[in-house]
2 protein chains.
Amino acid sequence: MQKTYNIGVEATIEVIGGKWKPVILCHLNHHATIRTNEFRRLIPGISQKMLTSQLRELEQVGLVKRTVYNEVPPRVEYSLTEYGKELEPVLNVLCTWGENHIEKRILDGEDVCLIKSDNEIA
Amino acid sequence: MQKTYNIGVEATIEVIGGKWKPVILCHLNHHATIRTNEFRRLIPGISQKMLTSQLRELEQVGLVKRTVYNEVPPRVEYSLTEYGKELEPVLNVLCTWGENHIEKRILDGEDVCLIKSDNEIA
DNA sequence: CTGTATCCGTGTGGATACTG
DNA sequence: CAGTATCCACACGGATACAG
């Protein structure tokens with residue numbers, strides 16, 4: 001049985017939709033390589049379970065690469081695959097629109113803010 | 001209490017996230033104005049309930065405008081607001097990435113396809 | 001440090017019937 | 001034609017505990 005889509009975005013949502021995947025991918029878009037615990041710091045709201053399950057699914061569709069180092073203590077690093085890097089324009093535009101939207105809401109007097117613990121870590 | 005975000009995309013997802021909102025917005029991005037029943041034809045999978053509820057939420061955040069005409073039979077038209085039109089780059093990139101992803105999967109031998117009942121209706 | 005397993009509440013979303 | 005109101009199932013996702 002054939003799976004059909006009526007508009008391109010349906011396929012996009014199916015792959016990178018949901019509450020956490022876009023966030024995970026955006027961080028990977030900014031950092032090149034991220035360890036598990038770094039994710040838990042970058043995304044304070046996510047649970048262990050969600051983090052691994054979402055990463056596994058992104059791995060399945062070939063967007064994320066998982067690298068395990070046989071060390072003690074164990075070390076696992078995640079990064080975008082070549083195919084995943086094709087998401088860069090998508091992720092950039094999703095991020096910047098959100099930043100602008102937050103700006104707008106601040107100007108509207110809402111009590112929101114953006115904590116950019118993300119960039120310029122090095 | 002202040003609402004905080006750690007990365008811009010979190011705000012984006014909060015507003016246009018979910019299973020249907022991106023699809024609805026993409027269609028509005030293509031058509032300028034859409035009637036309720038046209039939506040139900042463009043998005044065969046959506047239920048009446050979901051369609052109206054998602055449209056209401058998009059109206060709430062100021063992305064979609066709802067126009068009611070006092071006619072018999074009743075006519076309601078939806079369109080993007082000025083602010084909603086700022087989503088255009090986001091929606092375009094979401095659509096085209098999905099189209100390319102479907103292409104890729106077809107080349108990989110998967111039984112999927114994109115039915116473009118969407119454009120060139122006129 | 002990283003990852004699994006389990007339990008369980010809740011929101012999302014579907015089906016149906018009904019109103020203006 | 002457009003929208004509301006119920007009822008209800010299920011998967012999403014959180015909390016916790018445990019394992020390699």
Trainee: Please list, in numerical order, the residues of residues 49-81 of chain B that have a heavy atom closer than 4.0 Å to any atom of DNA chain C.
Mentor: B:K49, B:M50, B:P74
Trainee: Quick check for you: name the first and last nucleotides of DNA chain D, 5' to 3', having an atom under 4.0 Å from a heavy atom of chain B.
Mentor: D:dC1 to D:dC7
Trainee: Please enumerate all residues that pass side-chain contact (heavy atoms from CB on, under 4.5 Å) together with A:V90, with sequence neighbours excluded.
Mentor: A:I16, A:L87, A:L94, B:V93, B:L94, B:W97
Trainee: Should B:T12 and A:C95 count as side-chain neighbours, where that means a heavy-atom distance under 4.5 Å?
Mentor: no
Trainee: Enumerate donor-acceptor pairs with a distance under 3.5 Å from any side-chain N or O in residues 104-115 of chain B to protein atoms, sequence neighbours excluded.
Mentor:
residue: B:R105; atom: NE; partner: B:E110; partner atom: OE1; Å: 3.2
residue: B:R105; atom: NH1; partner: A:Y5; partner atom: OH; Å: 2.9
residue: B:R105; atom: NH2; partner: B:E110; partner atom: OE1; Å: 3.2

Trainee: Could you pick out which residue, A:G45 or B:N37, lies toward the 5' side of DNA chain D when each is mapped onto its nearest nucleotide?
Mentor: B:N37
Trainee: Apart from B:V72 itself, which Ile, Leu, Val, Met, Phe, Trp or Tyr residues share its cluster (side-chain heavy atoms under 4.5 Å, direct or through members)?
Mentor: none
Trainee: Restricting to salt bridge (Lys or Arg N to Asp or Glu O under 4.0 Å), what partner residues turn up for A:R75, sequence neighbours left out?
Mentor: A:E71, A:E77
Trainee: Report yes or no: does A:E103 contribute a side-chain atom to a donor-acceptor pair with the main-chain N or O of A:E99 at less than 3.5 Å?
Mentor: no
Trainee: How close do A:S79 and A:L28 get, counting heavy atoms only, and between which atoms?
Mentor: CA-CD2, 3.9 Å
Trainee: Could you list the cluster mates of A:Y69? Members are the ILVMFWY residues connected by side-chain heavy atoms closer than 4.5 Å, either directly or through other members.
Mentor: none
Trainee: Name all pairs fulfilling the salt bridge (charged side-chain N to carboxylate O under 4.0 Å, His left out) condition that reach into residues 45-69 of chain A, sequence neighbours left out, sorted by first residue then second.
Mentor: A:K21-A:E57
Trainee: How many angstroms lie between atom CD of B:Q54 and atom CD1 of B:I43, to the nearest 0.5 angstrom?
Mentor: 10.0 Å
Trainee: Using a heavy-atom cut-off of 4.0 Å to chain B, what are the terminal contacting nucleotides of DNA chain C, in 5' to 3' order?
Mentor: C:dG13 to C:dG20
Trainee: Partners of B:I13 by side-chain contact (heavy atoms from CB on, under 4.5 Å), sequence neighbours excluded?
Mentor: A:P22, B:V9
Trainee: Listing request: all salt bridge (charged side-chain N to carboxylate O under 4.0 Å, His left out) pairs with a residue in residues 83-95 of chain A, at least two apart in sequence or in separate chains.
Mentor: A:E82-A:K85
Trainee: Could you work out how much the helix from C:dC1-D:dG20 to C:dG20-D:dC1 bends, comparing the axis of its first five pairs with that of its last five, to 10°?
Mentor: 50°
